[in-house]
Amino acid sequence: MADADLSGTQAVSGTEAGRPAGKSIPLGLTDTLTIATWNINGVRARLDVLTGWLKQRGPDVVCLQEIKSVDEAFPREAIESLGYNVETHGQKGFNGVAILSKRPFEVTRRGLPGDSEDVQARYIEAEIPAGRGIVRVASIYLPNGNPVGTEKFPYKLSWMARLEAHARALLAFEEPLVLAGDYNVIPEPRDARRPEVWVNDALFQPESRGAFRALAALGLTDAVRTTTDAGDVYTFWDYQAGAFQKNDGIRIDHLMLSAEAADRLGKVEIDRDTRALEKPSDHVPVVAEFTFPA
DNA sequence: ATGGCCCCACTTTGGGGA
């Protein structure tokens, strides 16, 4: 692997975001937890990479996408033995999402509402204890939508409309809410090393980007974009054509936050170094820290 | 996208991904 490219964890924010130096909350009165999202591209094929990262990184909550496994075949014990509670929403062969949490938690929904005919496993939602209350966390695997011009693209847009409607309902609770996952949307040109290559791709269509902006316009904050305006901040590099070595990446994995969550946001980091491991996922984790009054 | 991969499944060939 090319050592020159291994910059390790990419800190995209300073510490104590939103709080002036010297005004940190007193010890003992806060509850800090880290919430990560990672498209794992096959949880069984990726088990060593995942467990190694869990041991080293120790996030409190992990939203996984593309587990590519039915619930019964999910490697639950290997992850539980590291101190995690595990809830899955899988299907055979492809798609599939999961939530791992060191804290015991309750699943509130499996599957995105709004279409009883939709059998694809792309959404799981839970309430996780945080501070004196809860944080609601969803693991989202938004449809790819390629090729544009087939039924896959309207399915993507329809799924995004359903997500917007559901997010609107969740925001009415006025709670800390984290919608984390693989959105399969490149929000802006700066979110791709070579935006011109993506102009005919479902990930970068005006309709896809518009639907993502509509989500943000509900009052959801893109965690990474609270911390940096930089253009070289990516979460996916294709396996093909030496994309990682060239840093030919895109930013498509996002944590979207309600105001109540954004107000508690600290550091946001992208674990870029996981892309250089043996048998890596083509996506890397995005990790956000939250501090709640306790 | 000069071409380059990877995972899964009723596996040696095709579906799906991004």
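In what follows, chains are A, B, ... by sequence order, proteins preceding strands, each numbered from 1.
Each of A:Asn184, A:Asn146, A:Asn144 was compared with A:Asp201 under the side-chain hydrogen bond (donor to acceptor under 3.5 Å, both in side chains) criterion, and only A:Asn146 meets it.
If you check B:dC8, B:dC10, B:dA1 against the side chain of A:Arg44, the one that comes closest is B:dC8. Of the candidates B:dC5, B:dA18, B:dC7, B:dC7 carries the atom nearest the A:Ala45 side chain, counting heavy atoms from C-beta on. Comparing B:dG16, B:dA18, B:dC5 against the side chain of A:Tyr239 picks out B:dC5 as the nearest. Looking at the side chain of A:Gln240, the nearest of the listed nucleotides B:dA18, B:dT2, B:dC7 is B:dA18. Taking only side-chain atoms of A:Lys68, from C-beta outward, the nucleotide of B:dA18, B:dC10, B:dG16 with the closest atom is B:dG16.
Residue-level contact check: A:Asp238 touches the bases, meaning some heavy atom is under 4.0 Å from a base atom. Here A:Gly93 lies in heavy-atom contact (under 4.0 Å) with sugar-phosphate atoms only. Residue A:Asn95 is out of contact with every strand shown, counting any heavy-atom pair closer than 4.0 Å. Among the heavy atoms of the strands lying under 4.0 Å from A:Asp182 are primed sugar atoms or P, OP1, OP2 only; no base atom is included.
Under 4.0 Å is where a charged nitrogen must lie from a carboxylate oxygen, and between A:Glu207 and A:Lys156 no such pair does. Of the charged side-chain nitrogens involved, none lies within less than 4.0 Å of a carboxylate oxygen, so that A:Glu66 and A:Arg46 do not count as a salt-bridged pair. One finds no salt bridge joining A:Arg209 and A:Asp191 here, because no Lys/Arg side-chain nitrogen approaches an Asp/Glu carboxylate oxygen to under 4.0 Å. The pair A:Asp271-A:Arg57 meets the salt-bridge criterion, since a charged nitrogen lies less than 4.0 angstrom from a carboxylate oxygen.
Put simply, A:Asn184 has a side-chain N or O that comes within less than 4.0 Å of OP1 or OP2 on B:dA18. Distances shorter than 4.0 Å separate some side-chain N or O of A:Arg46 from OP1 or OP2 on B:dC7. Dashed line: the shortest gap from a side-chain N or O of A:Arg122 to OP1 or OP2 of B:dG17 is under 4.0 Å. For B:dA18, the OP1/OP2 oxygens have a side-chain nitrogen or oxygen of A:His283 closer than 4.0 Å.
To the nearest angstrom, P of B:dC7 lies 13 Å from CG of A:Asp48. Spacing between atom CZ of A:Phe236 and atom P of B:dC5 amounts to 14 Å, rounded to whole angstrom units. Note: CD (A:Gln120) to C1' (B:dG17) measures 12 Å, nearest angstrom. Rounded to an integer number of Å, the gap from CG of A:Asn39 to C1' of B:dC7 is 11 Å. Taking atom CG of A:Asp282 as the reference point, atom P of B:dG16 lies 17 Å away to the nearest angstrom. If you measure from atom CG of A:Leu47 to atom P of B:dC7, you get 13 Å, rounded to the nearest angstrom. Atom-to-atom, CD of A:Glu66 to C1' of B:dC6 comes out at 11 Å; the value is rounded to the nearest Å. Per the geometry, CD belonging to A:Gln91 stands 13 Å off C1' belonging to B:dA9, to the nearest Å.
Distance check on atom C1': B:dT12 versus B:dA18 gives 25 Å, rounded to whole Å. Distance check on atom P: B:dC10 versus B:dC5 gives 26 Å, rounded to whole Å. For B:dC7 and B:dT11, the C1' atoms lie 12 Å apart once the distance is rounded to whole Å.
Side-chain atoms of A:Phe204 and A:Val197, non-hydrogen and from C-beta on, never get closer than 4.5 Å to each other.
Listed by residue number, A:Tyr141, A:Asn144 are the residues of residues 139-151 of chain A with a heavy-atom contact under 4.0 Å to DNA chain B.
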Legend entry - Residue pair A:Ser258, A:Glu175: steps toward the side-chain hydrogen bond (donor to acceptor under 3.5 Å, both in side chains) verdict: CA-CA 7 Å; A:Ser258 70; A:Glu175 291 169 342; over 6 Å; no
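A distance-only check finds no donor-acceptor pair linking the side chain of A:Tyr183 to the backbone of A:Leu142 [under 3.5 Å]. When atom types are taken as modelled, the side chain of A:Thr235 and the backbone of A:Ile252 share a donor-acceptor pair closer than 3.5 angstrom.
Applying the 3.5 Å distance criterion, the base of B:dG4 shares a donor-acceptor pair with the side chain of A:Lys246.
Toward the 5′ end of DNA chain B lies the nearest nucleotide of A:Asn200, the other residue of the pair A:Asn200 and A:Ser69 mapping further downstream.
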